[in-house]
Amino acid sequence: MARSRQEVLRILEEWGKRVLDQIEQGQEPVLEIPSRTLSNTIWDPVRRLLVLGPDKMKRRFLDLKESRKFMQTMLMLKLIVEAIRENVYPTIRDLYYNGKHTIMYVDPKGRTFKENTWDDQQESNAVIEDIEVATGLLREEMGLSADVKGKVVGPIIVKSRGFEIDATRLGDAALSLPPNPDELEIVKVEAEYVLVVEKDAIFQRLNREGYWKQENCILVTAKGMPDRATRRFVRRLSEEYKLPVYVLTDADPYGWYIYSVYRSGSIKLSYESDRLATPDAKFIGVTASDIIDYKISDEYVIAATDRDIKRAQELIRYPWFQSDAWRKEIQLFLKMKKKVEIEALSTHGLKFLHDYLKDKIHNKKWIE
Amino acid sequence: MVSFSVKYEELSPAEWFRRNKELAGLTNPTRALYQTIREFVENSLDATESYGILPSVKVRVAYHDKSRGWLSVYVEDNGIGIPDQEIPNVFGKVFYSSKYRVRQHRGVFGLGAKMVILYAQSTTNKPVIVRSAPLGSDKIFEYVLMIDTLKNKPVILSRKEYENRYRWHGTAVKVVIEGEWGRARRRIEEYLRRTYMVAPYAEIYFEGPDLVLYFPRATTKLPPPPKEGYPHPKSVDVELIKHLILQNPNITLREFLMEYFDGVGRQTAEMFLKWAKLDGSKRVGDLTEDEITYLTTKMREFDGWRRPRADWLSPVGEDILVEGVKKVLEPEFVAAITRKPSSYGGHPFIVEAAIAWGGKIPPSDRPIVYRFANKVPLLYDEGSDVIKKVVDEIDWSVYKVKFPAPLAVVVHVCSTKIPYVSAGKEAIADVIEIEEEIRLAVREVARRLRQYLTKKEKEEEVYIRYATFNMYATEVASALAFITGKSVDEIKKKLSELIIKKVGPELASRLEKETAKIAIKETTRR
């Protein structure tokens, strides 16, 4: 894949040049950007992943609703071009800080208009994603990195910048994934499977309790919603080493959506599902029916909030949640209006988590 | 049978009023000072504008004896004046009034002034000094008077004549009363400010111990003076009928109806007499008490009378009201309406309303309400006033008003008889006909405010679009210049052209005007 940095720069500059051409010809500047909305996210049942649909939105500078985003897109484009020209590799947070400043305008009535170029990182991240889909360049290609939350431990040896790291020899620590895991060379893998857990606390417990040694598996966590690097890394383990991937999350709609992001991709980044999704990933729990099947005691059961219910109602409509098993689970959730966290698996003693995982994995009690 | 012998003590009207001064609002030194100024100023305005004279009123309050809390109050006008021989009775005899006619007045029969003189007498025992010259008089007359409360008669302490070299006309009065300036100060200021709001054709000068106010004449337009007329037959009461019969007991009932009431001709009189089963040829002086009561009741019940005429009313008028509100509130926008005359229980009335927005009006959580009855500002008892009720019931969001808002509502009710809630005369009662007219008037001006706000909102939208695009354009131009290596200024210029084209060329000319205005403001500031 990798395009040269020169090539990337040329594509970005050309994109800017096209905007300038419109202005010089006296036309209203308009950016065409594939829209990253639910309605333009298509479920590809054959490849079992979310892909970006054909819809494009026109971002017009002279449309009051779009003008600010137009300005932000141009500002971000400038920041990225600047970084490449100066051969630096900023994080997306760096770009947020570099670009954040107050712009001002004094109108003819003497009133002052003041605004920040962007108020939070969500705004600046959104335009980076827009630039990615509009130019067809990935942020990794542009040399941008994000805060990577991903951690790995288990029987795997990787090589980064010439240094070999053996993930079995880290004690209670773990291997932090780099921003671009494609630059990580996987030297050796001797695992049976990959277990992805939603929460860092559970990851640490399983690590300390030697779960991966007993099971000869690789443990991964992204501390909640997975970032691109973690997803890419899990995908590589599945694709390149054919390892089965199992996902463990809380039993609530947010946890279940996290599983679907690992497996199928996200609505926001559907243009990247192709390289980030792991279509074979299985969900082992915690499911709504586990609350009954594993007799989780009431003290661990939490009443679902209105937001949870609303989110579940959204999930059940997503095309990638249409398997019988998933429909059954979500309907059960909507009926019980109860949720539990992974920690609820301590209901039968702390060791029970291990028994639960082994039962689920070895007895193939998963859903997809 | 047991019989009681009751000893009646005859009370002269003057004595009665002296004992009941609370009724006139003369309850404490603060209120008394305020009331004194009100009574005199209102008489002055009636003596001028009702006769087509542009009012000039001077008021002076000074300490007469500070240690005893005695203040002198002097009020002078340029009105029609009072004939020499009438002066003692006008100021020294309670219930002195020549005719029993109706028309819109601020005060009623000049009763307030006499109450003030009685109050002065009972607190400082100082006489009133009156100086007056009728129109065209070559003399000015000066009286020093007191009231003999037991006999209800003026006591003339001195009478002087001066040569009227400058053909002055008007009346000047001075009393010394027990009063409290410090506390009355703000009230008096507010009273004068509001009085001027509905009478911007007046020139009012006020001088107090530590306050000088001057309200210059803002317009020379004067509302047409009210005509004087007879009461409407539906508006009568037993006392009035008796009083009228006494004036001319020898006429027949038919003649009586046609002579003394508004809009009663032969035909209407006959219709009424037939309906009420009354004998029209009977001499009114021969009517018994019961017959008088029956007559009164029937007159009030009869539906065949003509509508009361509004000729006796003198509304401020839309133009003058706008002028006054502008002058006092200095708003950004003002609209006013004078409704068509209407009536309740035989009393004609007219409602006027003005709405003022923005400018120097402070934003508040509710509309600021300015209430007026017969051009007199009502300052107290807002809570029980029908005007306040109507204004509060209005859903202002319908008119694009979001509170807190700089909104003032002015309502003026004028009538030959204002239905006050209480003797204090500070609130208008909830009469359904009046309430409805107030509602219609306020809604009408509110609609005009909405039109204004809508227009302004649209202009503002264009402005905001223009400003926003320009603000972003700077950023876009600098980004594109960096990426492409072209000149920032060139790009900015092209973008500015595109913005003007998009936002609308008519804005460009407006913007130029605004820029010019700012330039002027800044020069004047320097």
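Computed from heavy atoms alone, side chains included, the values below leave out hydrogens, waters and symmetry copies. Being a predicted model, the structure only gives us computed values, none of them experimental. Here is how names work: the chains are called A, B, and so on, in the same order as the sequence lines, proteins then strands, and each is numbered from 1.
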With a 4.5 Å heavy-atom cut-off, do B/Ile491 and A/Leu20 have their side chains touching?
yes

Output for pair (B/Arg465 CZ, A/Asp63 CG), nearest 0.5 Å, gives 8.0 Å

Any side-chain heavy-atom pair of B/Leu480 and A/Met74 under 4.5 Å: yes

Pair count under 4.5 Å, heavy atoms only, with chain B: among A/Leu62, A/Thr117, A/Ile103, highest is A/Leu62

Q | Within-4.5 Å side-chain heavy-atom neighbours: A/Trp15 and B/Ile483 | A | no

request  = Given side-chain contact (heavy atoms from CB on, under 4.5 Å), test B/Ile464 with A/Phe113 step by step and report yes or no.
outcome  = CA-CA 9 Å; B/Ile464 286 184; A/Phe113 290 72; 4.1 Å; yes

The interface call for A/Arg68 against chain B, heavy-atom contacts under 4.5 Å, is both

CA sep, side-chain torsions, deciding dist, call: A/Glu24, B/Lys493, salt bridge (charged side-chain N to carboxylate O under 4.0 Å, His left out) = CA-CA 10 Å; A/Glu24 286 186 330; B/Lys493 201 173 138 247; over 6 Å; no

Using side-chain heavy atoms (C-beta onward) and a distance below 4.5 Å, is A/Glu13 in contact with B/Thr484? no

Does the pair B/Lys502 and A/Phe61 meet the rule for a side-chain contact (heavy atoms from CB on, under 4.5 Å), with working shown? CA-CA 11 Å; B/Lys502 177 80 178 187; A/Phe61 176 59; over 6 Å; no

Mind checking whether A/Pro29 and B/Leu495 have side chains closer than 4.5 Å, heavy atoms only? yes

dist A/Ser67:OG -> B/Ile499:CD1 (nearest 0.5 Å) comes out at 7.5 Å

Bottom line for A/Met104: the part with an atom under 4.5 Å from chain B's heavy atoms is backbone

Problem - Contact check, side chains of B/Met471 and A/Glu115, non-hydrogen atoms, under 4.5 Å - result: yes

Closest non-hydrogen atoms of B/Phe469 and A/Leu64, given as atom of the first, atom of the second and distance, are CZ-N, 3.8 Å

Side chains of A/Phe70 and B/Tyr472, heavy atoms from C-beta outward: is any pair under 4.5 Å? no

Counting heavy-atom pairs under 4.5 angstrom with chain B, the leader among A/His101, A/Glu14, A/Gln72 is A/His101

* Could A/Glu28 and B/Lys494 be called an ion pair, given the rule that one side-chain N must be under 4.0 Å from one carboxylate O? -> no

